[in-house]
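The next block holds one structure in the form of C-alpha cells; read it before the comments.
Per chain, numbering begins at 1; letters A, B, ... match sequence-line order.
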Amino acid sequence: MPELPEVETIARGLKSSLPGIRIIDLTCHCGSALAQDAETFRSRLTGRRFTEVRRHGKYLFLMLDGGLALAVHLRMTGQLYLASSKQGRDKHVHLEFFLDNNARRLVYRDVRKFGGFLLLNGTTPREFLAAKDLGPDALQVRPEELLHACRRTRRQLKAVLLDQRVLAGLGNIYTDEVLHRAGLSPLLPAGELTAEEAGELAKTIRRVLLEAIRRKGTTLSDYRDAEQNRGGFQSFLLVYGRRGEACLRCGGSIHKIRVAGRGTYFCPHCQRAASMP
DNA sequence: CTGTTTACCTGGGGGC
DNA sequence: TGCCCCCAGGTAAACA
C-alpha cells in the first residue's frame, strides 16, 4: 500500500536512527530490487555513512556521504525497517544493510517484488523527481495547481488525484477517503470542479494525510513502519473496504465500483457526481 | 498527445 | 485438503 502517510512514517523512523550510521556491508538476495547490479551497489555503498532521510510523495531518499543517494519506492508490498541482529530473515527479504552500530541492520522486504532501490550518483533527488515529471508533494499542493490540473482534462476526478504528475503521494485508499470527506464523487468529470471545491479539496487532502501520519499510517495487511509496527489509521477509514456498509455521514450504502482501473469505494448519496444544481 | 489497459509478482480468500 | 479463479495498496509500458 504504502502511500504518503506510510512513507512519511517510515521516513520519520529512519531519520531518528540512520544519520551518522555507516554501512559495513550489504547483501542482496534478489536482483530485481536493485536498478543497478548487486556488485555496483556493494562496492559503491560499503563504507558510506547515511547523512539524511528525505521524502517526496511515495519516494524515500536515503542520502549518503560522497554525493550518493538511494531513491527507494515501496510500490505495493515493500517494507523498509530496522531489525535486530538476532531477527532472522524469510524468503521475502531482498536486501540487508549491515550497520556499524552492530546491533541492527536495515532490511528491505517485498512480497510482490515491485519496489526497489535506485542508486543516485551525482544526481540530486530534485533532478530525479523532475526527470520523472513528479508533481508537488500532496502535503504542499496549492489549490490553484489542483484546479488547473482538473480543468485541463476530461478524466474522472479520481484518476487526476491518483496521477503522480499532478500531485505526489495519494494512492487508492487515501484518494477514496479524501473524496468522501470532500463530498465529491470519484466519477465527477474533473473539469467540472469549481475553484471553491478545489480549495476545499486541497484542504481535505492535507487534513486526511496529516491525521493518517498522526496515526502512523494504515495497515491492512503488509505495511509496517521502520520499527516494524503496524499503523492505526485503518480504524478511521470511512469508505475504503466498507462495501455494503452504511455511510457514516448519511446512512446510505457504500458502493464499490471500478474507476481508473482501481477498486473504488464511495457513497453515491453524499458524494457529488454531477453538475451543481 | 491523451487516456485506458495490461504486465509485473506473490499470496490470500472464496467457490467447488 | 486441493485446485482454480479472482483480487490486492503502484507504476510504466503498451496500446488505441
Side-chain angles (χ1 to χ4, degrees), chain A residues 1-10 29-35 55-60 71-80 89-95 108-118 128-129 131-135 137-138 148-180 186-191 208-209 212-213 215-225 230-244 256-266:
Chain A
M1 138 186 42
E3 304 179 37
L4 187 150
E6 290 74 37
V7 180
E8 175 64 20
T9 303
I10 292 169
H29 309 285
C30 166
S32 71
L34 309 179
R55 179 197 62 74
H56 184 99
K58 300 173 195 172
Y59 277 97
L60 268 177
V72 189
H73 200 300
L74 305 172
R75 296 287 185 108
M76 301 278 260
T77 54
Q79 303 173 331
L80 189 61
R89 70 176 160 85
D90 67 19
K91 63 178 178 177
H92 300 301
V93 168
H94 305 310
L95 196 58
Y108 180 68
R109 182 173 181 275
D110 189 351
V111 170
R112 286 172 75 178
K113 297 195 272 199
F114 287 170
F117 290 67
L118 172 67
F128 169 80
L129 295 167
K132 292 248 162 211
D133 200 18
L134 236 73
D137 188 81
H148 178 71
C150 288
R151 283 289 168 84
R152 67 199 302 275
T153 182
R154 304 174 63 83
R155 300 152 89 192
Q156 294 165 322
L157 183 55
K158 175 161 178 172
V160 175
L161 294 186
L162 284 172
D163 188 340
Q164 304 295 299
R165 296 169 302 181
V166 173
L167 73 172
L170 288 183
N172 201 37
I173 296 175
Y174 291 109
T175 300
D176 282 3
E177 293 299 313
V178 163
L179 287 172
H180 178 73
L187 298 167
L188 181 73
V208 170
L209 294 179
I213 291 168
R215 304 284 177 185
K216 301 188 186 301
T218 300
T219 296
L220 295 181
S221 57
D222 296 287
Y223 169 70
R224 299 292 184 279
D225 72 11
R230 292 163 175 273
F233 194 70
Q234 59 276 11
S235 307
F236 299 87
L237 297 175
L238 299 184
V239 285
Y240 187 86
R242 292 186 177 274
R243 168 164 50 182
K256 184 184 182 188
I257 59 173
R258 194 154 285 270
V259 181
R262 326 291 302 278
T264 299
Y265 299 85
F266 76 120

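Using a 5.5 Å limit on the distance between ring centres and a 30° limit on the angle between planes, the aromatic ring of A:F114 counts as stacked on the six-membered base ring of C:dG10.
To the nearest whole angstrom, the two P atoms, one in C:dC7 and one in B:dT5, are 15 Å apart. Here the separation of B:dG11 from C:dT11, taken at their P atoms, is 22 Å to the nearest Å.
Under 4.0 angstrom from either OP1 or OP2 of C:dT11 there lies at least one side-chain N or O belonging to A:K58. Neither OP1 nor OP2 of B:dT4 sits under 4.0 Å from any side-chain N or O of A:R258. The shortest distance between the side-chain N/O atoms of A:R154 and the OP1/OP2 oxygens of B:dG3 is not below 4.0 Å. Residue A:H73 places no side-chain N or O under 4.0 Å from the OP1 or OP2 atom of C:dG10. Dashed line: the shortest gap from a side-chain N or O of A:Q164 to OP1 or OP2 of C:dG10 is not under 4.0 Å.
Between the CG atom of A:N172 and the CD atom of A:E177 there is a distance of 10.5 Å, given to the nearest 0.5 Å. Distance check: A:L220 CG to A:R230 CZ gives 10.0 Å after rounding to the nearest 0.5 Å. Taken to the nearest 0.5 Å, the CG atom of A:D137 stands 10.0 Å off from the CD atom of A:Q164.
Taking atom OH of A:Y265 as the reference point, atom P of C:dG9 lies 8 Å away to the nearest angstrom. Residue A:R112 contributes atom CZ, which lies 12 Å from atom P of B:dG12 at whole-angstrom precision. In this structure, A:L209 places its CG atom 17 Å from P of C:dG9, rounding to the nearest Å. Atom OH in A:Y223 sits roughly 13 Å away from atom C1' in C:dG9 (whole-Å rounding). Residue A:L134 contributes atom CG, which lies 8 Å from atom P of C:dA12 at whole-angstrom precision. The distance between atom CZ of A:R165 and atom C1' of B:dC1, rounded to the nearest whole Å, is 11 Å. In this entry the distance linking NZ of A:K113 with P of B:dA7 reads 19 Å, nearest Å. The separation between A:Q79 atom CD and B:dC9 atom P is 19 Å, rounded to whole Å.
Residue A:H92 places its side chain closer to B:dT10 than to any other of B:dT10, C:dG9, B:dG3. Taking the side chain of A:K132 as heavy atoms from C-beta on, and the options C:dA12, C:dG10, C:dC7, the nearest nucleotide is C:dA12. Among the nucleotides C:dG9, C:dC7, C:dA12, the one closest to any side-chain atom of A:M76 is C:dG9. Side-chain atoms of A:R75 lie closest to C:dG10 of the nucleotides B:dG3, C:dG10, C:dG9.
Using a 4.0 Å heavy-atom distance criterion, A:G261 is classed as making no nucleic acid contact. Note on A:R155: only backbone sugar-phosphate atoms sit closer than 4.0 angstrom, heavy atoms only; bases stay farther off. Across all strands shown, A:D222 has heavy atoms under 4.0 Å from base atoms, whether or not it also approaches the sugar-phosphate. A:Y240 comes within 4.0 angstrom of the backbone, heavy atoms only, and of no base. At a threshold of 4.0 angstrom between heavy atoms, the contacts of A:T153 are confined to the sugar-phosphate backbone, with no base atom among them. Within the 4.0 angstrom heavy-atom criterion, no nucleotide atom of any strand lies near A:E6.
Smallest separation of non-hydrogen atoms from A:L134 and A:H56: CD2-CD2, 3.8 Å.
For the pairing with A:Y240, the ring pair (Phe, Tyr, Trp, His ring centres under 6.0 Å) check across A:F233, A:Y265, A:Y174, A:F266 returns one residue only, A:Y265.
Under the Watson-Crick or G-U wobble criterion, with both distances below 3.5 Å, C:dA16 is paired with B:dT2. The base-pairing partner of C:dC4, taking Watson-Crick or G-U wobble contacts with both distances under 3.5 Å, is B:dG14.
Proximity of A:L179 to A:L188: side-chain heavy atoms (C-beta onward) are nowhere separated by under 4.5 Å.
A:F128 and A:Y59 have perpendicular rings, their planes meeting at more than 60° on a 0 to 90° scale where under 30° would count as parallel.
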